[in-house]
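Below: the structure, in structure tokens.
By convention in this document, chain letters (A, B, ...) are assigned in the order of the sequence lines, proteins followed by strands, and residues within each chain are numbered from 1. Computed from a prediction, not measured in an experiment: that's the story for all the values here.
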Number of protein chains: 2
Amino acid sequence: MRGLSRFLLGFRRTKPRFHEDLDAMNLINTTQSGDTSATSAAYATLREMILSGALPAGEKLKIEHLRKILNTGASPVREALSLLTSDMLVERIDQRGFRAAPANFENFKEILGLRCALEDMALRQSITRATAEWEERVVLAHHRMKRVVNTETFEEAHKTFHMALLSNAASPVLERYCSQLYDLNIRYRNLAAGSVTYKKRDIGAEHDAILNAAIQRQEDAASDALLRHYRETGSYLTKALSNI
Amino acid sequence: MRGLSRFLLGFRRTKPRFHEDLDAMNLINTTQSGDTSATSAAYATLREMILSGALPAGEKLKIEHLRKILNTGASPVREALSLLTSDMLVERIDQRGFRAAPANFENFKEILGLRCALEDMALRQSITRATAEWEERVVLAHHRMKRVVNTETFEEAHKTFHMALLSNAASPVLERYCSQLYDLNIRYRNLAAGSVTYKKRDIGAEHDAILNAAIQRQEDAASDALLRHYRETGSYLTKALSNI
DNA sequence: GTGTCAATAAATATCGATTTTTTTAAGGAT
DNA sequence: ATCCTTAAAAAAATCGATATTTATTGACAC
């Protein structure tokens, strides 16, 4: 279970005394490895499987099948699926079980549009209320993202950076929505995997532009850079997904 | 279980052949009484108890206790609580169980502000895409709301009216968010119950104004009327809630 | 063929008991 | 008194079995 899951589900955190500064920034992975519940483990795995496409969109999620795959009981599986409902990754129909949330082009466009609207709102609020601590949090998250080589960990660092940008909006619900939409978008990116080519696109430069505008507290410039970043990605995916 | 629950949880609907027109408008209560699962029943009851304040904000929700109250098993209760997570009405902490979502003034203000922003967005999109069907849906919902005498059913009709206004935005996720925020706001209204006096306020007229602007497809006027409606309510509640 | 019905199979949902974890209480030691 | 450590109680989480509901199949009529 990774650090970001904690943001989404109610996981506990046992913090060491040292690292207080970084931890207060929510930038330390304070996950304890072995001792989470079977439900949480199932939640994390199923979440990853749906986001990655290992469990295809719209697929019927049979308890017995998942129970075997995850090597756990029916209760944790059911509970994990119920929790995944929050993230709009799983649908539940009474007495007919669960299925992975469907994916289609309409939905993709909706996600993209909403995401732009909500992140714009959140980023502007973050900048309006800017503090030195927030600034440092953003700079640090950006640095870590740049430094990462591994693709796996880059995804995590990338989300952390984007969420750090919004983290000063003082609006937990808005942040929650943005996090949800971020993940749903990632799912579509994974769904389009292979056909997506980020050729002739300097994502690093895009991130730099957002960062610089943000820490210079230029609302409009930061928002422009952010939305350009999303729309750029969106138009790549639009091509790849228009046929789903 | 009431009609609106269907909007939130994945309940099935067995529709009779007749009433097709009204049903297509999603304005018929197509709930079948006896045959929902224990989980769904628990979900509906717990939801109502949290919204009404019967289960106070922040309260520890012990499985055994709820199991007795609801006269059902532990599994349905756990599953219902897991589902209520989606609505931000219940919080879950791994291995420490569930509690009713906390309520505080900060959160209230956030809900109010977000709600204004999102409903404004949704209403404008609805009007932009206006059709005769949508118009009829709104008029009908409005009429039913006006007609209702019982306080109990008024609440339901009131939400139906507001959701009908947004129902043409072609944005299910946005509607979902608006529905969530609506309920969270209702919760604060219930929490402030007693101290709230709607004296010298003509809520009927406010609804009329929204309706008229909407069916005349005047985006700005409708949005103004809607936001005024919410901010009016908001300022009443602000006085009552500033001390929680 | 197409539709309906009953029988069977499969899957969901639920129960009751057990295991694991957390919380509370009690007893010393400093 | 405050801080650990340990024992007991309470609560959460999980398991395995069973009941309930839905989905599938095949026979039969039209």
Presence of salt bridge, E155(B) and R189(B), under 4.0 angstrom
yes

Side-chain donor or acceptor of S167(B) paired with backbone N/O of A164(B) under 3.5 Å
yes

What integer distance in Å separates H65(A):NE2 from dT12(C):P?
12 Å

Atom CZ of R67(B) and atom C1' of dT14(C): how far apart are they, to the nearest Å?
12 Å

If you measure from the Lys or Arg side-chain nitrogens to the Asp or Glu carboxylate oxygens, is any gap between K109(A) and E106(A) under 4.0 Å?
yes

Interface polar pairs with nucleotides 8-11 of chain C, N/O, under 3.5 angstrom:
unit_1	atom_1	unit_2	atom_2	d
dA11(C)	OP1	K62(A)	NZ	3.0

May I ask you to decide if the ring planes of H158(A) and H162(A) are parallel, tilted or perpendicular, using 30° and 60° as cut-offs?
perpendicular

Between D87(A) (side chain only) and L89(A) (backbone N and O only), is there a donor and an acceptor less than 3.5 Å apart?
no

Are the side chain of N190(A) and the backbone of L51(A) linked by a donor-acceptor contact shorter than 3.5 Å?
yes

In whole angstroms, how far is the P atom of dT14(D) from the CG atom of L66(A)?
16 Å

Between P of dT14(C) and CG of L70(B), the distance in whole Å
13 Å

Separation of atom CZ in F98(B) from atom P in dA12(D), rounded to whole Å:
9 Å

Residue pairs fulfilling side-chain hydrogen bond (donor to acceptor under 3.5 Å, both in side chains) with at least one residue in residues 49-66 of chain B, sequence neighbours excluded:
E64(B)-R67(B)

With no hydrogens and no angle check, is any side-chain donor or acceptor of Y188(B) less than 3.5 Å from a backbone partner on N104(B)?
yes

Identify each atom pair where a protein N or O and an N or O of nucleotides 15-20 of chain D are less than 3.5 Å apart, giving names and distance.
unit_1	atom_1	unit_2	atom_2	d
dC15(D)	OP2	G73(A)	N	3.0

